[in-house]
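Numbers here simply count residues along the sequence, with the first being 1.
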Amino acid sequence: MSVDLFVHPALFYRGDPEYVAATTDFVREGLAAGEPVAVAVPAVNLAKIEAGLGADAARVTLLDMGVAGRNPGRIIPGVLRTVADRHPGEHVRIIGEPIWPGRSATEYPACAQHEALINLSFAGRRVTILCPYDLEGLTPEVLREAERTHPVLRDAAGERASLRYAPDLVVARHNRPFDEPAACVSLRFDRANLSAARNLAGERAGAAGFGDDRLDDIRLVAAELGANSLDYGGGSGLIRLWTEDARLVCEVADGGHITDPLAGRVPVEAQRSGSRGLLIVNLLSDLVRVHSRPGATAVRAYFDLPAALV
């Protein structure tokens, strides 16, 4: 496998022994080459890899993807780039597992778009990101889309090029209008009453039982989305809030069009000017979904309800 350019293989596995053997071999190959290595997978799988590595686990950055990548839109800026950017000029190896059995139908489109956008984000960089896929626990459609988002496929039989590779099609396929909520509260805003939109989000979050720290996050997300509407969405917008599937949903819609597929997924240096709104939204939310077309954009930020209320 080349270490000169970005490599993004999907690992199709069956059962724990195959999973542990393939992932630990990948890690140890990197360690033997003196490469920085990170593993970001769900906690149950992280424990299996850690056990399989034994003493070598101490030489690896280990991250629970169920926490660090709870929102798929956070994985590129908050996990993958965080690891890779620490080692400029070096080849970096990462195992990233953003899709696992248990991801909901609401989460999956954001996961698939994330996998497609990795290729754009890391093009030309000396990074290899191995993405495991459970052949027994994931649906055939998820596995087919993995072939579209990964140029290289690996399984027990070896490695091959993906004949279905078409990441742009996956991004476009999941850029669909959202279903309407059963009920919601809403407010149209412009520059005169953006604070009212932020306060409405705080009121609904407080009524849903969120504590002070999370209330601040939700207010900030509403403010950032609203500011984007003022700056890029025609100067006004519509905020709507409701609860569904144990989450508070904050949606902001406007007349703008997001044309950069990596918007909100690229780390921004503190000294650089420019908008950080969508990046902040991704970093603070438990899930973010975006639908955008010429003349219309809707961003939905989801926040898991406090456990006591679920």
Side-chain angles (χ1 to χ4, degrees), residues 40 42-43 63-79 81-82 98 102-104 106-107 110 114 178 181-231 233 236-254 263-270 274-290 298-310:
L63 300 168
D64 178 0
M65 188 66 96
V67 176
R70 179 75 179 94
N71 170 24
R74 188 165 61 223
I75 298 174
I76 290 175
V79 178
R81 284 286 302 270
T82 296
R103 279 287 204 188
S104 70
T106 304
E107 294 168 333
H114 155 76
F178 299 125
C184 66
V185 296
S186 64
L187 175 71
R188 294 197 175 275
F189 63 88
D190 55 23
R191 294 191 184 276
N193 67 333
L194 177 59
S195 61
R198 182 190 64 232
N199 292 338
L200 178 63
E203 290 169 7
R204 300 309 297 176
F210 288 93
D212 289 344
D213 289 346
R214 207 60 175 134
L215 280 174
D216 288 341
D217 291 343
I218 294 167
R219 290 191 191 99
L220 180 55
V221 164
E224 292 293 341
L225 290 176
N228 279 355
S229 294
L230 300 184
D231 293 339
S236 63
L238 172 69
I239 185 171
R240 302 195 297 176
L241 297 113
W242 67 94
T243 57
E244 65 175 39
D245 299 331
R247 287 178 170 133
L248 174 71
V249 186
C250 175
E251 177 192 86
V252 174
D254 57 46
R265 299 172 189 261
V266 179
V268 179
E269 297 176 3
S275 173
R276 294 168 172 78
L278 276 180
L279 177 62
I280 291 171
V281 171
N282 268 323
L283 293 177
L284 294 180
S285 306
D286 294 310
L287 175 67
V288 175
R289 296 279 308 279
V290 178
V299 180
R300 287 186 176 180
Y302 297 74
F303 302 89
D304 296 338
L305 293 177
L309 299 180
V310 176

Q. Got a donor-acceptor contact below 3.5 angstrom from the Asn71 side chain to the Asn282 backbone?
A. yes
Q. Given Val288 and Val299, is the side chain to side chain contact (heavy atoms under 4.5 Å, CB included) satisfied, shown in steps?
A. CA-CA 7 Å; Val288 175; Val299 180; 4.0 Å; yes
Q: Give a yes or no answer on whether the side chain of Arg289 reaches the backbone of Ala301 with a donor-acceptor pair at less than 3.5 Å.
A: no
Q: For the pair Asp216 (side chain) and Asp213 (backbone), establish whether a donor and an acceptor sit closer than 3.5 Å, ignoring hydrogens and angles.
A: no
(Q) Checking Ile218 against Leu284 for the side chain to side chain contact (heavy atoms under 4.5 Å, CB included) test, could you report, in this order, the C-alpha distance in whole Å, the side-chain angles of both residues, the deciding distance, and whether it holds? (A) CA-CA 8 Å; Ile218 294 167; Leu284 294 180; over 6 Å; no
Q: Compare every heavy atom of Arg74 with every heavy atom of Ala68, then report the nearest pair and how far apart it is.
A: O-NE, 3.2 Å
Q.
Please find the pair of heavy atoms, one from Leu215 and one from Ala205, that lie closest to each other, and give the distance.
A. CD2-CB, 3.4 Å
Q. Is the shortest distance from a Lys or Arg side-chain nitrogen in Arg191 or Asp231 to a carboxylate oxygen in the other one below 4.0 Å?
A. yes
Q: May I ask you to say whether Asp304 pairs ionically with Arg247, meaning some side-chain N is under 4.0 Å from a carboxylate O?
A: yes
Q: State, to 0.1 Å, how close Pro98 and Arg103 come at their nearest heavy-atom pair, and which atoms those are.
A: O-NE, 2.9 Å
Q: Let me see the working for Arg204 and Trp242 under side chain to side chain contact (heavy atoms under 4.5 Å, CB included), right down to the final yes or no.
A: CA-CA 8 Å; Arg204 300 309 297 176; Trp242 67 94; over 6 Å; no
Q) How many angstroms lie between CD in Glu244 and OG1 in Thr106, if you round to the nearest 0.5 Å? A) 6.0 Å
Q.
If I take atom CD from residue Glu224 and atom CG from residue Leu279, how far apart are they, to the nearest 0.5 angstrom?
A. 9.5 Å
Q.
For a 4.5 angstrom cut-off between non-hydrogen side-chain atoms, does Arg265 reach His114?
A. yes
Q | Under 3.5 Å donor-acceptor, Glu107 side chain and Ser104 backbone | A | yes
Q | Shortest non-hydrogen separation from Ala197 to Ala222 and the atoms involved | A | O-CB, 4.4 Å
Q. Is any NZ, NE, NH1 or NH2 atom of the basic residue among Arg198 and Glu203 found under 4.0 Å from an Asp or Glu carboxylate oxygen of the other?
A. no
Q. For Pro77 and Gly73, which heavy atoms make the closest approach, and how far apart are they?
A. CD-O, 3.5 Å
(Q) Among Val221, Leu220, Val252, exactly one meets side-chain contact (heavy atoms from CB on, under 4.5 Å) together with Val281. Which residue is that? (A) Val221
Q | Spatial distance of atom CG (Leu194) from atom OG (Ser236) [nearest 0.5 Å] | A | 11.5 Å
Q. Side chain to side chain donor-acceptor pair (under 3.5 Å) with Asp217: which residues, sequence neighbours excluded?
A. Arg214
Q) Measuring from Leu248:CG to Phe210:CZ, what's the distance to the nearest 0.5 Å? A) 5.0 Å
Q | Spacing of Phe303 atom CZ and Leu287 atom CG [to the nearest 0.5 Å] | A | 10.0 Å
(Q) Assess, by modelled atom type and distance only, whether the side chains of Ser229 and Asp254 contain a donor and an acceptor separated by less than 3.5 Å. (A) yes
Q) If you take all heavy atoms of Ala208 and Leu305, which pair is closest and at what distance? A) CB-CD2, 3.8 Å
Q.
Closer than 3.5 angstrom, by distance alone: can the side chain of Arg240 be matched with the main-chain N or O of Val249 as a donor-acceptor pair?
A. no
Q. Once you round to the nearest 0.5 Å, how far does CD1 of Ile239 lie from OG of Ser186?
A. 9.5 Å
